[in-house]
2 protein chains.
Amino acid sequence: MNDDTQNEGDKPRSATIVDVAKRANVAIGTVSRYLNGFPIRRANREQIEEAIQALRFRRNATAVAMKTDVTHVVGLLAPSFDEFHGAMLEHLSRALRRDGRALLIYCHGGDTRLMEDGMDYFSTQRIDALVMSGEDHLFDRVDQLIDAGVPLVLYDNDIAGLKADRVFVNNREASMHAVRHLLDIGHRRVGLVSGDLEDSAAHGRYLGYCDALEERGIAVDPRYVESGHWTILGGNDATRRLMSLPQPPTAVFSANYVMALGALRCFKDARVRMPEDVSLISFDDAALFGLYEPGITVVAQPINGVAQSIADVLERRLRSERSMPFSSTNLRCEVILRGSTRPV
Amino acid sequence: MNDDTQNEGDKPRSATIVDVAKRANVAIGTVSRYLNGFPIRRANREQIEEAIQALRFRRNATAVAMKTDVTHVVGLLAPSFDEFHGAMLEHLSRALRRDGRALLIYCHGGDTRLMEDGMDYFSTQRIDALVMSGEDHLFDRVDQLIDAGVPLVLYDNDIAGLKADRVFVNNREASMHAVRHLLDIGHRRVGLVSGDLEDSAAHGRYLGYCDALEERGIAVDPRYVESGHWTILGGNDATRRLMSLPQPPTAVFSANYVMALGALRCFKDARVRMPEDVSLISFDDAALFGLYEPGITVVAQPINGVAQSIADVLERRLRSERSMPFSSTNLRCEVILRGSTRPV
DNA sequence: TTGTATGCGTTATCAC
DNA sequence: GTGATAACGCATACAA
């Protein structure tokens, strides 16, 4: 009866609860109950534990998922894993892990086809929930997924009208503070390197920019608003257009850190000195922004807070009532003053 | 018989192949064969396709995994998702997706307990393979996973003695080139901010450093080698120790970009000018390194190449013989000269 | 080709 | 508490 010989090279069959039950001389149901923390007669418990050890038994998560329809896996759909989304992922991964969940990731790189493929993938993969940075034209697909019973948490960028939990930052207020700071130190011509304005995040940051200007009685001049489409190249182009205006801005506000990289590149190429010739403030803090000479003033997002909030709302929705009302969390960003902004 | 009413708020039961078969008036086996691309009578195919559309049927990946013992999910165990590992993750995610696989991630942050928990998690989760940046004291756990039939791919850092595929970069040669460059421009006292020397990556980079010095007849002085333990704070400390030597180095080589951040911070705090007072060269290229004033000379890893190689070797091993001999890939890094290194 | 039946490893529902 | 046994959704061997 010695069955220890595994097929060399091939995938060995690992022990199941049936094997454990046999070896422990108990019923399979008893083993299951042990595994799920239900009360067990002491003698049986010891037998079972011995068997589990000896057989190196590990519960097959796939089978559990199939029975219970719960995978403990959460999907994450993100455009990239740059410093911002990477940090986000890292914190979220850790926070979810504390609740016994893990992240299945899909990275679409802004490519529409890939996004759709990603949604497709997630709808067959039976995830417990989906976390994503919203993309407007995915509305229908996401909506279907929700209909199929998969809870959704939106972060970073909204998709209006979806039955979902939301965790965002106060884009509008934070941007207003940022621009207000520039106005406070005397700037009057402030350029905005914006994200795609259809994106709620870009829109919010744009509105905050407007708020600050209007508050000081400065009319919003559309020529000073250029979209950098969230990318480094786009940010570079946008900044260049801004700086070649007849009256170039004396300060630039970039709606994310990637585009700020493009702006820095532009300043460098055009030999525009910062902060002597132009001030810069950017959304998102990056590791090097504090080290860069001069340090770059930023609006720092509470990335860990966002991650934890996502994990929290997920835990509540998944653990308790799935029908609880949808929540909308709004976290505060912090303006960190550094050397890149100075009075005109 | 109208069963379209879903339990409001609760998880709706989604259509199975049984439902599809019923509606299409074919046997369940036929549907399965259709799904798996086997030949099907035309009339049946049309019926089935209609049913799938109407029922919004999506194949249940969990059930498939249970039957076939293949999940199409690959585990990734990484210390963090900073710029390096984030980029790695992004490329790997995309490369794997092309072969129909996705990544289940676990981030341990260098915490031993979390690493072990991660291994635990992956051994119940029935992943098709595990990709990881090696951690020496995980040898036993990883070995068990391999015994359980899970192929392993090591990248970034090795664990010696494991039956695994390996995808690394030429740490030793690349480091030699980097240090050689410093010597070429006249430096004689070159400091090394090293990673933990037990790590193969750190060791390789250290050896390359030694190679270059010895090649020029310069003895390796242990006082010029300080470990920064891969972290920003560690790198900062290490650099500080280096710079407070009676004869401080005129050039510093940092074994990764995170510690280079610490070095930069040190220079900044100590008002050591770069490159006037000290030259710096770092392993890994970071987005801001090219923009930083002066640009930072780096040894750039072919991150995309690493990711693609991992995907390739995985595809081969998973698709064809699981028993194929283990491969070891070694990719070339590229030294990118920028302003942070200059002749003494 | 197609239909039928069995099993993958668990959980859950019964009687006992 | 425990032991049988029926699912879960799918793939597959086998007979038709």
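In what follows, chains are A, B, ... by sequence order, proteins preceding strands, each numbered from 1.
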Residues from residues 30-37 of chain B lying under 4.0 Å of DNA chain C - heavy atoms = B/Thr30, B/Arg33
Sequence neighbours left out, what pairs pass salt bridge (Lys or Arg N to Asp or Glu O under 4.0 Å) with at least one residue falling in residues 151-160 of chain B?
-> B/Asp158-B/Arg166
Nearest-Å distance, CZ (A/Arg126) to P (D/dC8)?
-> 14 Å
Taking only residues two or more places apart in sequence or in another chain, which ones pass side-chain contact (heavy atoms from CB on, under 4.5 Å) with B/Asp136?
-> B/Ile159
Which atom pairs, donor and acceptor, lie under 3.5 Å between side-chain atoms of residues 119-127 of chain B and protein residues at least two apart or in another chain?
unit_1: B/Asp120; atom_1: OD1; unit_2: B/Arg141; atom_2: NH1; d: 2.9
unit_1: B/Ser123; atom_1: OG; unit_2: A/Arg58; atom_2: NH1; d: 3.0
unit_1: B/Ser123; atom_1: OG; unit_2: B/Met119; atom_2: O; d: 3.3
unit_1: B/Ser123; atom_1: OG; unit_2: B/Asp120; atom_2: O; d: 2.8
unit_1: B/Thr124; atom_1: OG1; unit_2: B/Tyr121; atom_2: O; d: 3.1
unit_1: B/Arg126; atom_1: NH1; unit_2: A/Ser14; atom_2: OG; d: 3.4
unit_1: B/Arg126; atom_1: NH2; unit_2: A/Arg58; atom_2: O; d: 2.8

B/Ala311 versus B/Ala95, closest heavy-atom pair with distance = CB-CB, 3.6 Å
Counting distance only, does the side-chain N/O of B/Asp128 pair as donor-acceptor with the main-chain N or O of B/Thr71 below 3.5 Å?
-> yes
Closest heavy-atom contact between B/His72 and B/Gly100?
-> CB-O, 3.6 Å
For B/Arg33, all residues meeting side-chain contact (heavy atoms from CB on, under 4.5 Å), sequence neighbours excluded = B/Phe38, B/Ile40
Pair listing, side chain to side chain donor-acceptor pair (under 3.5 Å) test, anchored in residues 309-318 of chain A, at least two apart | A/Arg101-A/Glu315, A/Asp165-A/Arg317, A/Gln308-A/Asp312, A/Glu315-A/Arg319
Do you know which two heavy atoms are closest between A/Pro79 and A/Ser133, and how far apart they sit?
-> CD-CB, 4.3 Å
Taking only heavy atoms on the protein side, list every residue of residues 16-27 of chain B lying under 4.0 Å from any atom of DNA chain C, sorted numerically.
-> B/Val26, B/Ala27
Bend of the helix from C/dT1-D/dA16 to C/dC16-D/dG1 from end-axis comparison, five pairs per end, nearest 10°, comes to 40°
Looking at residues 50-61 of chain A, who's got a heavy atom less than 4.0 Å off DNA chain C?
-> A/Phe57, A/Arg58, A/Arg59, A/Asn60
Contact boundaries on DNA chain C for chain A, cut-off under 4.0 Å to non-hydrogen atoms = C/dG9 to C/dA12
Do any side-chain atoms of residues 47-56 of chain A form donor-acceptor pairs under 3.5 angstrom with protein atoms, and if so which ones, sequence neighbours left out?
unit_1: A/Glu49; atom_1: OE2; unit_2: A/Tyr34; atom_2: OH; d: 2.9
unit_1: A/Glu50; atom_1: OE1; unit_2: A/Arg23; atom_2: NE; d: 3.3
unit_1: A/Glu50; atom_1: OE2; unit_2: A/Arg23; atom_2: NH2; d: 2.9

Nearest heavy-atom approach of B/Ser200 to B/Asn157 is N-OD1, 2.8 Å
Kindly give the heavy-atom pair with the smallest separation between B/Ile146 and B/Lys163, and that separation in Å.
-> CD1-O, 3.6 Å
Given side chains that start at C-beta, do those of A/Phe81 and A/Ile105 come closer than 4.5 Å, heavy atoms only?
-> yes
Report yes or no: does A/Asp19 contribute a side-chain atom to a donor-acceptor pair with the main-chain N or O of A/Thr16 at less than 3.5 Å?
-> yes
N/O contacts under 3.5 Å, protein versus nucleotides 5-7 of chain D?
unit_1: D/dA7; atom_1: N3; unit_2: A/Lys67; atom_2: NZ; d: 2.6

Taking all heavy atoms of A/Leu314 and all of A/Ala129, pick out the closest pair and write down the distance.
-> CD1-CB, 3.9 Å
Side chains of B/Asn304 and B/Arg94: is there a donor and an acceptor less than 3.5 Å apart?
-> no
Quick one: does A/Asp143's side chain have a donor or acceptor within less than 3.5 Å of a partner on A/Phe139's backbone?
-> no
Heavy-atom nearest nucleotide on DNA chain C taken for B/Met66 and for B/Ile40; more 5' hit belongs to B/Ile40
